[in-house]
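The structure appears right after this line, and notes come after that.
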Amino acid sequence: MPIKRRRIENLNVQEPNITVPKKKDNDITVSQRKEQDEMTSKYFQNRLQSDFYNQACTDLAKSFLGQILVRKLPDGTELRGRIVETESYLGGEDEASHSKGGKRTERNKAMYMKPGTVYVYQIYGVYFCMNISSQGDGAAVLLRSLEPLEGLDVMRKFRELRRKEKAKALKDTELCNGPSKLCLALDMDKSFDKRDLSNDEITWLEPGSKILDKDIVFCPRIGISYAGEWTKKPLRFYVKGNKYVSVRDKMAEALMV
DNA sequence: AGAGGGATCTTCT
DNA sequence: GAAGATCCCTCTC
């Protein structure tokens, strides 16, 4: 039964608490409802939920290793890649973080939003980097490399858009081995900023494998030579022996058992 | 395998 | 006005 909206016959009469009804279930057909349910379950059944992201920054950076990033294209194609390299940016005292000293700007708003919020910023005017907000004020994790799992041909096409026609074909290991390369491969730009991975229709994380501490290389972050004592802190994490990692740190690996 | 330079433009000082 | 959580190409060893 459709809800009847009360008509206001006389505009001079005060009508308190008139609320415009939201689109109700009975405004759509049974088949539309069924379709909606199927979509909802597909989007959410195998997705990492909000509580997963609610971890301290460095714990989250390590927990991301082995998990699967999914990006759904407008035509329905789903691209998948296993996260194999991350960096934590702690905010506050971390001199390398965009949120150092508690700095808040229009650009870095997402760093202060709820854990699981995507923070995408443009770098060198040309590329994008993707981060995910963690627990902690202004803290976020940078995704640095993926092991491509699904949609490699599409990823390769996106990557080749920026390359010379004569350039050599990219190997699988070169598709997503860098923070901006993975954004290019998954066609992710500033429009992904502030999306909530626990509740977004075109990007989310699925549970993958658990990587144990003994299989994680801890080493300094890349490209932050300006950050004083923070330059050397071991806040980069990658899966030991994984060939899809962007930059290996042989010193750090040698120091492992 | 590694070094060096250019691209390119938003963001912040 | 300068810098930048990078990538790509070219040149050299």
Side-chain angles (χ1 to χ4, degrees), chain A residues 57-58 60-62 64-65 69 83-112 117-134 136 138-146 148 155-194 217-238 243-253:
Chain A
C57 194
T58 289
L60 184 60
K62 292 194 288 178
F64 275 148
L65 299 177
L69 177 64
I83 299 170
V84 296
E85 181 184 354
T86 60
E87 285 178 359
S88 53
Y89 286 85
L90 309 186
E93 54 178 0
D94 183 351
E95 284 296 312
S97 176
H98 289 172
S99 54
K100 66 184 167 193
K103 188 166 77 171
R104 289 168 180 267
T105 63
E106 191 57 38
R107 176 177 71 157
N108 73 9
K109 260 183 187 168
M111 298 185 89
Y112 294 90
T117 304
V118 174
Y119 168 44
V120 174
Y121 66 90
Q122 194 177 23
I123 183 168
Y124 298 103
V126 197
Y127 300 109
F128 295 96
C129 290
M130 174 181 181
N131 303 252
I132 297 158
S133 165
S134 72
V141 177
L142 171 71
L143 300 187
R144 282 198 57 93
S145 294
L146 305 178
M155 295 180 189
R156 191 169 278 108
K157 280 207 177 95
F158 281 130
R159 286 295 313 284
E160 284 170 353
L161 292 177
R162 298 267 192 127
R163 298 169 63 84
K164 285 196 168 183
E165 290 197 18
K166 289 180 67 179
K168 273 197 294 185
L170 291 167
K171 299 175 200 159
D172 291 354
T173 51
E174 297 170 323
L175 289 175
C176 305
N177 63 338
S180 297
K181 292 181 188 177
L182 72 88
C183 285
L184 291 172
L186 300 188
D187 194 29
M188 296 174 110
D189 58 18
K190 192 73 180 166
S191 70
F192 283 73
D193 189 49
K194 300 192 185 72
V217 180
F218 299 65
C219 56
R221 295 170 291 184
I222 305 273
I224 54 154
S225 54
Y226 56 84
E229 59 176 318
W230 285 85
T231 298
K232 292 178 181 170
K233 291 190 188 282
L235 297 176
R236 183 162 76 99
F237 313 97
Y238 66 86
K243 60 183 179 179
Y244 298 89
V245 165
S246 68
V247 183
R248 285 181 60 189
D249 188 321
K250 289 180 183 173
M251 290 290 286
E253 289 184 27

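FYI, side chains are in, hydrogens and waters are out, and symmetry mates aren't considered; it's all heavy atoms of this structure. Letters A, B, ... mirror the listed sequences (proteins, then strands); counts begin at 1. Keep in mind that this is a model prediction, so the values were computed, not measured.
You can see that DNA chain C meets the heavy atoms of chain A within a 4.0 Å-exclusive cut from C:dG4 to C:dT10, reading 5' to 3'.
The structure places CD1 of A:Ile83 at 10.5 Å from OG of A:Ser145, a figure rounded to the nearest 0.5 Å. Atom CG of residue A:Leu65 and atom CG of residue A:Leu60 lie 10.0 Å apart, to the nearest 0.5 angstrom. The OG atom of A:Ser99 sits 11.0 Å away from atom OH of A:Tyr89, with the distance rounded to the nearest 0.5 Å.
Backbone-only contact: A:Arg159 has heavy atoms under 4.0 Å from sugar-phosphate atoms and none from a base. When heavy atoms are screened at a 4.0 angstrom cut-off, A:Ile224 is found touching the sugar-phosphate backbone but no base atom.
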Evaluate side-chain hydrogen bond (donor to acceptor under 3.5 Å, both in side chains) for A:Tyr244 paired with A:Glu174, printing each intermediate quantity in order. CA-CA 7 Å; A:Tyr244 298 89; A:Glu174 297 170 323; over 6 Å; no

May I have the step-by-step check of side-chain hydrogen bond (donor to acceptor under 3.5 Å, both in side chains) for A:Thr231 and A:Ser225, ending in yes or no? CA-CA 6 Å; A:Thr231 298; A:Ser225 54; over 6 Å; no

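Put simply, the residue from A:Glu87, A:Arg144, A:Glu253 that forms a side-chain hydrogen bond (donor to acceptor under 3.5 Å, both in side chains) with A:Tyr238 is A:Glu253.
Each of A:Arg163 and A:Ile222 lies near DNA chain C, and the nucleotide nearest A:Ile222 is the one positioned closer to the 5' end.
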Dot-bracket for DNA chain B, please, read 5' to 3', with Watson-Crick or G-U wobble pairs under 3.5 Å on both distances, ( ) within the strand, [ ] crossing, | other strand, . unpaired. |||||||.||||.

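Between A:His98 and A:Tyr121, the distance separating the two ring centers is shorter than 6.0 angstrom. Annotation: A:Phe237 is in aromatic contact with A:Phe218 [ring centroid separation under 6.0 Å].
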Using a cut-off of under 3.5 Å, enumerate the N/O to N/O pairs linking the protein to nucleotides 6-12 of chain B.
unit_1 : atom_1 : unit_2   : atom_2 : d
B:dT8  : O2     : A:Tyr124 : O      : 2.6
B:dC12 : OP1    : A:Thr105 : OG1    : 2.1

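Among all heavy-atom pairs drawn from A:Ala139 and A:Leu90, the shortest one is CB-O, 3.6 Å. Taking both residues in full, the closest heavy atoms of A:Lys194 and A:Thr117 are given as CA-CG2, 3.6 Å, listed atom of the first, atom of the second, then distance.
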